[in-house]
Amino acid sequence: MTAAMVIGGDLDHGREERLTSSVAPTLGQWVSVLVDCPGVEEAYTYGVPAGWTVAAGDIVEVPFGQQLLRGIVLQVLSDLPEAVAAEQVRPLTAVVGTSFLPVGYWHVLEQVAAYYCTPLIQVVRTALPPGVLGRSQRRLRLRTTAIPPLSVGAQQVLTFLQKSATGDYSLRYVAQHVPRSQRGIAELVRLGVVEVYWAAPPQAQAQWQQAVVLLRCDGADLSDRQRRIVDYLRQQPQDCWLQDLLRATGSSPKTIQRLVERGYVAIVARQRCRLDQGMAVPADQPQGLTLAQQSALAAIVASLGRTQEFLLHGVTGSGKTEVYLQAIGACLAQGRSALLLVPEIGLTPQLTDRVRARFGDRVVVYHSGLSDGERYDTWRLTLLAEPRVVIGTRSAILLPLAGLGLIVLDEEHDSGYKQDQPQPCYHARTVARWRSQQDQCPLILGSATPALSTWQGAQAGHITYLSLPERIHAVPLPPITVVDMREELRRGNRTMFSRLLQNALKHLPQQQAQAILFIQRRGHSTFVSCRSCGSAIDCPHCSVSLTVHLHDQHSQVLRCHYCNYSQGVPQRCPVCDSPYLKPFGSGTQRVVAELNRLFPDLRVLRFDSDTTQRKGAHRQLLAAFAAGEADVMVGTQMLTKGIDLPQVALVGILAADGLLHLPDYQAAERTFQILTQVAGRSGRGHLPGQVILQTYVPEHPVIGAVKAYAWQEFAQQELASREPLGYPPIAS
Ligand code: ADP
Ligand code: ZN
Ligand code: ZN
């Protein structure tokens, strides 16, 4: 049950000024305002009505064209800019919220905009949760039923509009559904058939709910039902939500009403904070640290309160997370908040649970998978000075945390920290550096396989190097056996499992052990087909199926392997218009099918983007696997991160080659990182671990380095080989 928590934040409680008369006000001052309107990027000058006080950072409402939009005050100007004529300046119409951003935070947003060459408003949009500014939308609506003769294009738009119940669509939606709609729309507007207008979407708002407050609990005159409620409330540490109380006690609203009348309880409206609280986890205590952990922690704690960057380099299972947790504890004890960034939140339920177990209610999570309401409330919560632990993905680095005292990037090498699209593209590590400078706090970069740029910074001494060279309890790293798959083929083994791997899989049940089989996402391209009519999406030039490629973390493109033609993945089947278009025959599915055929007794789970789409699915699959409900888990890159399962003794890497052949100067670095991470899932408990790495190029130097866990040698070699080519990090 959620406690009846109240959150403040100036957005709701700030002073509010609003122009009421239609008489032009005398203007006292000028401000430059960043308005939130698609396509508008520069700041505009507005007048401040006499008697109003406005400061940089305030959220205001301004007239813009025919609209009223929200915007942020960038600067208060004592003089009107020369290029602006006084009679063109319009007054602000309202101050919606007073400045709420911490000092210095705005500076970081400006740094992001400048460094990544992005308009400031784009950065602001990424930083603020949806609904603070409110973006207007251009919409199209029917004005008349008297239709003059129309061109074909205009008729298409009109027919589309007429199909909707209200005759009203956003321009974007029309453009997506009616090809080349622009001229048609222009014609319809000219003829007065439709009009284009701006509509502000509803603002995100705090949610108000009824809470029950216990006023007295003496009375011997209570009925049993009333008594039950009073007793229940007495046992709660905080006030209860009415809804929750009714459910928990099985009472009727009437009984509670009766208690209100008799003065036992009061019902009050409170803001309900919508947070992604997850499930309750049992509390845990800090562990006694190893010597290596102790010295790492001491260095970090000594740096609290100033800007310093650390690389915490430790093999998988060496206790990095425990160091983060204790450093965060020290930061909280000093009354400041900590930010723990992870590459992908859904993939790290175990880490999130550990942080919750340690810090309880002070933990909040922030990522793009939250609902708008959750993001809005979490964001506002971070504005308050109370020390908190925020776990989040890359966008959390732009949270306006008041009193930031520590930043941790777990798996700092991970490409999930880089945003390419939508704008602004930025790297969370870079922004984290600026914030650590701005807020004078340490930044910990943790990894078993640091990014080469980070490694180089540590070598050059800009970054303080902290090392955890051994696994906890000196558990050995699992030995890696490399299998040449060409040889397997020569010996007549046409399956995707080498004989060694087959043998190991066969013995799993006997050892009461579990296995993870890994295939990399890329290189196993798939095609898209319609579940309704069965047609696949073909190349318009070559009539072969287009295959799905990951464009970036979030979007996919379809590409033709013959002519390189590419297009986006359509929402609906081009043949039958069914929405059930699905990628088909993914690599993991094939592996599972093969496993079932060869080892009918092994119970297999699939862990990939298909099976983990639903909210909470990662957690459920992992929990099922941890509970021993399956012997083998087959998965992609998703499996590599933050999974600590003691029963996993065998890791099989089915084909490492696709990674190596990526046309990217970082291919070797990424391959080393991913393979090492995957291997690290094995042998974390009492069972001795084993890793079988299958490849068609066993002689490749990266494979050799992975096998030997030779990170330093690999890093030196790789840096040396990039130097003559001028590739980063040398060049940067
Ligand atoms: P990493 O983050 O480097 O992969 P973890 O912090 O997850 O390593 O530690 C691996 C395992 O060892 C975890 O189960 C953790 O609870 C345990 N552990 C960490 N530090 C200690 C310690 N000092 N003593 C005993 N166990 C520890
Ligand atoms: Zn179809
Ligand atoms: Zn083609």
Side-chain angles (χ1 to χ4, degrees), residues 1-18 59 94-98 100 129-132 134 202-280 337 356 360-366 370-388 390 400 402:
M1 178 169 312
T2 333
M5 181 163 17
V6 182
I7 45 175
D10 287 288
L11 215 51
D12 292 302
H13 301 295
R15 68 177 181 275
E16 177 143 336
E17 319 236 39
R18 180 165 282 279
I59 294 194
V95 177
V96 184
T98 54
F100 50 82
V132 171
Q203 302 290 322
Q205 264 164 8
Q207 189 184 47
W208 290 84
Q209 269 187 19
Q210 293 185 308
V212 184
V213 181
L214 184 63
L215 300 176
R216 46 185 271 236
C217 45
D218 43 3
D221 56 339
L222 291 172
S223 72
D224 284 353
R225 282 187 201 158
Q226 294 168 350
R227 177 96 262 153
R228 184 149 28 125
I229 293 173
V230 169
D231 284 347
Y232 181 83
L233 285 172
R234 241 177 40 198
Q235 284 157 16
Q236 303 306 310
Q238 278 153 313
D239 303 334
C240 259
W241 297 111
L242 178 58
Q243 258 181 9
D244 294 343
L245 179 67
L246 293 174
R247 204 176 314 122
T249 58
S251 313
S252 76
K254 249 206 206 125
T255 319
I256 294 181
Q257 199 48 49
R258 213 37 216 125
L259 283 170
V260 172
E261 285 157 17
R262 300 182 63 186
Y264 279 90
V265 302
I267 296 182
V268 294
R270 291 257 171 94
Q271 272 185 37
R272 178 156 203 168
C273 192
R274 290 152 295 184
L275 297 180
D276 178 14
Q277 291 288 19
M279 275 172 289
S337 292
R356 284 213 169 100
D361 285 352
R362 284 175 292 179
V363 179
V364 290
V365 296
Y366 189 82
L370 298 179
S371 71
D372 284 359
E374 285 169 340
R375 268 175 82 185
Y376 180 72
D377 285 356
T378 310
W379 180 85
R380 286 196 314 155
L381 207 59
T382 66
L383 286 169
L384 306 182
E386 215 173 309
R388 297 191 181 280
V390 180

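The first residue of the sequence shown is numbered 1, and numbering continues consecutively from there.
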To the nearest 0.5 Å, what is the distance between [atom1] ([X]) and [atom2] ([Y])?
X      : Y      : atom1 : atom2 : value
Arg225 : Thr249 : CZ    : OG1   : 11.0 Å
Arg375 : Asp377 : CZ    : CG    : 12.5 Å
Ser337 : Leu384 : OG    : CG    : 9.5 Å
Ile229 : Leu214 : CD1   : CG    : 11.0 Å
Ile256 : Leu233 : CD1   : CG    : 7.5 Å
Leu370 : Trp379 : CG    : CH2   : 14.5 Å

Look at Asp231 together with Arg228 and state whether they make a salt bridge at an N to O cut-off of under 4.0 Å.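 Answer for the salt bridge query: no.
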Check whether any side-chain heavy atom of Val365 lies under 4.5 Å from a side-chain heavy atom of Arg356, and answer yes or no.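 SC-SC contact between Val365 and Arg356 confirmed.
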Shortest non-hydrogen contact from Pro253 toward Leu246: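 Closest heavy-atom pair between Pro253 and Leu246: N-CD2, 3.9 Å.
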All heavy atoms of Arg216 vs all of Arg262, minimum pair found to be NH1-O, 3.2 Å
Exactly one candidate in Leu242, Val212, Val213 meets side-chain contact (heavy atoms from CB on, under 4.5 Å) with Val268; the answer is Val213
List the steps, then state whether side-chain contact (heavy atoms from CB on, under 4.5 Å) holds for Leu381 with Val390. CA-CA 10 Å; Leu381 207 59; Val390 180; over 6 Å; no
